[in-house]
Amino acid sequence: MKKKALSLLLASTMVVSLTACGGGDNETSSNSSSGNSNTASADKSGDTTSSDNTSGETNSGDYVLTDVKIMVNGTVNSVKQETEAQQTTRDAFIPQLEAAVGEAIGHEINIDFEVASHSDYAGYVGRMFVSEQYPDVMIMSADMLKQYETTGLLWDMANAYDNAEFQNRMKLPGINEGLKDAQGHLYGFAPTYGNGCITYIKQAWLDNLGINGDDIKTYDDFYNMLERFSKEDPDGNGVDGDTYGFISAGLIGTEAPWINYVAEFWQGAYPSIIQGEDGVWYDGFQAPEAKEALLRMQKAYQDGVIDPDSFTAGTKDAREKWYGAEQSGSAGVFTYWAGTWYQNLANNLEKNGVDNEVYELAPIKEITDTFGGYLNREAPVWVILDDGDGDDSREQAIFTAILDTMLDGDKVQTLWTYGPEGIAWSTEAEDFALYPDDPDKKKEYSYKDGEFHMRPGLEDPNVLAVKNHLDPALVIAPLTNGFVSSTDLQDVSNKFFTDHCVDAPSAPASETYSERSAEIIDARDVVIAEVVVNGGDVDAAMQKYTSSVGSLVDQILEELNSAQ
Amino acid sequence: MSNNNTTMTSGTVQVRKKPLGLRIWNNRGHYIMFVPVFIFVLILNYWPMLGIRYAFMEYKAGGTPSWTGFTHFERMFSTSAFWSAFGNTLVLSLVKLFLTTFASVIVSVFLNEMGNLFVKKTLQTIIYLPHFMSWAVVASIFTLILSPSSTGMINGMLRDMGILGPNDSSIYFLADSKMWRPIFYMINIWKDTGWGTIIFLATLSGISPELYEAADIDGATRLQKIRYVTMPALANTIITVLILNLAKVMNLFESVFVLYNSAVYDVSDVIGTYIYRQTFMVARPDYGYSTAVGLFRSIVGCILVLICNKASNKVRGRGIV
């Protein structure tokens, strides 16, 4: 009898649990079928209804958005939750954001953040979409936007953008105008411009070898400097030849604009499918400039001026080796992101007891003569998922609540820019010191009541808290509350970059490219490895490239050019 | 003599089976307990198999799956990278399997011969430890040790010993097609040999001491005892381990993924890493193609299991499935 009772109990528990799981799935799929996540719900005229029950809502002003689900990658620092410090920041940030957005739109709102893997964001998004789980609003790279804007998944926000509140403070209108397609549709909204990389040189190494950074104007100048860094004793440890000239995270990037970590070597070459000035698409990797670039890198690699670890190094590996405490084995030149990262690199050099003065190298002649400057990548964008019900009121409400307020110039924008108040920043009077126990590095700060300032970071109390998502220097509509935290270095770097940058080439958008670009990238990476790392013959390697993916490239070019 | 269930004829008893419904009713407690397991197996093991249909469809994020027949298979079979990955999967898995099994047997025999229990246990613990390190950590350690830069330990040692001259380039072990596979096998042996010894040591501890005593009386040396007592006792276990692991050779992924790079795709790219790049390194993948490659891998895996079963039947007299 006991056995029967136990078996009945087990079976009924299982059935209940499965029913519960099934119920959840059904709910998700029913919402998903209309293109919404089940987290979005509507409260119309005071009645709370599900997001599916939105028929008849045509006036966006009537739609009351109470819940919104946002999916982001690793660029929104205040919602990460991998460490205790990040969790504390997130726990403070989300309620503050909900309160500030609620105040802006006139009613309460619940905001749910999902943070996807940064390195596999495109893959993660793809998996979410095929399983019909859609957020309401999310970040996409320019490349992803190109692939998804023709699918009907994304909402055309052109009208919402044109009528947004931030338009009267717009500083860089061209960024989003450039994102509109030929018919004027706008499927992704960029709150900032893209940013790019600058070549940084350790000033102490230049000084030790008596090199003036301003004299480095051409590739020959640049290469001579790298050779001296790798053959002489720039770190002053008394040993010649124990350092490298250049380190990078790969000899080619993992995403567009591909060449920005190794700009001086690639120069005017663009190893991807690119649109020429005549509007015709072609394979930049098969162009003569790419071959010359490969030979330049091959020589540099064989001469030992490029740290050989560059081939397999990730960004973190390259950064840490560049600013590490052990400078023997390090490199003098590192090309990395402008703005905040200039400050971060200097901070890390200082933290490791290395001279932290960093020289910003202007684009060499070969770069200015071809592209015109460092490449400003296509800006990442925010997109709103279209629920496909033919009624724009819900999407408009999401735009108003999340994207319009993101650039409100005041409270919400401050949160998206600096993170949570009281944790990352404050306007209350306070005194603190970074490196309080190290007399050589100690920096004291004193602020009066009402004075905006960043606070010591929770992760590392010896550096100021990291910003959240928007870079105040890159944003298209600035803060109006006077909250400015940029250090001199960031300002200098941002200005330097904007003075020396040009927009990166547009990513291609074709059915075959979106599906099979990995094959082309594989073949291209094999050629780079074969020529640069293994010292192989460039013509033979290129022949292998064309025989393996030449027809696929031709097919993509035909699609792109016939769509013109 | 007869009743409802049995009939006695010429000294034999014939058992008449009860109707199925009655048998189920009589064992209803067991069947009710089995229901949850049955539902779980259906949902977790069989329901996902319906996804196989996507191998014959175009299946992209944001699009409706559409029937494409054998298009994905045609693309797969006409792609040289796929065949390279398929060949590498078999070679890397099989060589790794034989090497790690061989190393495990040798180490087990040595440990078994060890008289000092403390030293034996300490050594066992030391060689088990690498198994518990994640592949990501193992790859980081070996990438540092084998680095071609001036901070690489092995290249530094080669220079100190004069094997590499001051003007010679460092050896990029992990980016050299000739070096990559030996390095890969070596790392696998280092990581998995210890764990592999467990089953062999268990077998060795079960060998009757009388066999060794008899060998002693016959004047056998230590090597002869290993040759004529230990190894024959281990043979059946070695074959079983090999057969069981042979069924898993198509599953190679993580150990390769963390150690390979584009310079050695020709010798290192396996089906798992090939699927990964085709799926996750493009902005909007066609999951239909990935499913097709995955299905092919499963079919090959299934064939290997059947071959193993046949081999097991021959060697051990009983199958593994």
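Just so it is clear, the structure is predicted and the values come from calculations on it, not from any experiment. The chains referred to below are lettered A, B, ... by the order of the sequence lines, with proteins before strands, and numbering in each begins at 1.
For A:Tyr513, no part lies near chain B; criterion is any non-hydrogen pair under 4.5 Å. For A:Ser328, the part sitting under 4.5 Å from any heavy atom of chain B is the backbone (N, CA, C, O) and nothing else. For A:Glu515, the parts lying under 4.5 angstrom from a heavy atom of chain B are both the backbone and the side chain. Only the side chain of A:Val533 comes within less than 4.5 Å of a heavy atom in chain B; its backbone stays farther off. For B:Asn261, the part lying near chain A is the side chain, with the backbone staying farther off; criterion is any non-hydrogen pair under 4.5 Å. Of the atoms belonging to B:Pro285, it is backbone heavy atoms, and not side-chain ones, that fall under 4.5 Å from chain A. For A:Asp120, the part lying near chain B is the side chain, with the backbone staying farther off; criterion is any non-hydrogen pair under 4.5 Å. Neither the backbone nor the side chain of A:Lys146 comes within less than 4.5 Å of any heavy atom in chain B. Neither the backbone nor the side chain of A:Asp317 comes within contact range of chain B; no heavy atoms are under 4.5 Å apart.
With hydrogens and angles ignored, the 3.5 Å screen pairs a side-chain donor or acceptor of A:Thr546 with a backbone N or O of A:Gln543. Under a 3.5 Å cut-off, the side chain of B:His72 and the backbone N or O of B:Phe56 do not form any donor-acceptor pair. No donor-acceptor pair closer than 3.5 Å links the side chain of B:Ser290 to the backbone N or O of B:Ile275. A donor-acceptor pair under 3.5 Å is absent between the side-chain atoms of A:Asn534 and the main chain of A:Gly536, judged by distance alone.
A donor-acceptor contact closer than 3.5 angstrom is absent between the side chains of A:Asp242 and B:Ser150. Using modelled atom types and a 3.5 Å distance limit, the side chains of B:Thr151 and B:Ser149 yield a donor-acceptor pair. With 3.5 Å as the limit, one finds no donor-acceptor pair spanning the side chains of B:Ser255 and B:Lys96.
Taking chain B as the reference chain and counting heavy-atom pairs below 4.5 Å, the highest number among A:Ser514, A:Ser517, A:Ala518 is found for A:Ser514. Of the listed residues A:Ala523, A:Ala507, A:Pro308, the one with more heavy-atom pairs under 4.5 angstrom with chain B than any other is A:Pro308. Interface remark: of the candidates A:Thr243, A:Thr312, A:Val532, A:Thr312 forms the most heavy-atom pairs closer than 4.5 Å to chain B. Chain B forms the most heavy-atom pairs under 4.5 Å with one residue out of A:Gly123, A:Ala529, A:Ala122, A:Gly126, and that residue is A:Gly126. Chain A forms more heavy-atom pairs under 4.5 Å with one residue of B:Tyr265, B:Tyr31, B:Phe34 than with any other, namely B:Tyr265. Between chain B and the options A:Ile521, A:Asp522, A:Asp143, A:Ile528, the largest number of non-hydrogen pairs under 4.5 Å is found for A:Asp522.
Under the 4.5 Å side-chain criterion, counting only non-hydrogen atoms from C-beta, A:Thr151 is in contact with B:Arg284. Residues B:Thr79 and B:Tyr289 are in side-chain contact: their nearest non-hydrogen atoms beyond the backbone lie under 4.5 Å apart. Residues B:Thr89 and B:Met250 are in side-chain contact: their nearest non-hydrogen atoms beyond the backbone lie under 4.5 Å apart.
Aromatic pair A:Phe311/A:Tyr301: ring centres not closer than 6.0 Å.
Inspection of non-hydrogen atoms places B:Tyr172, B:Ala175 of residues 168-187 of chain B under 4.5 Å from chain A.
Between B:Phe257 and B:Phe253, the ring planes are parallel. Angles under 30° get that label, and only those over 60° would be called perpendicular. Relative ring orientation between B:Tyr54 and B:Tyr59 is described as parallel, the plane-to-plane angle staying below 30° on a 0-90° scale split at 30° and 60°.
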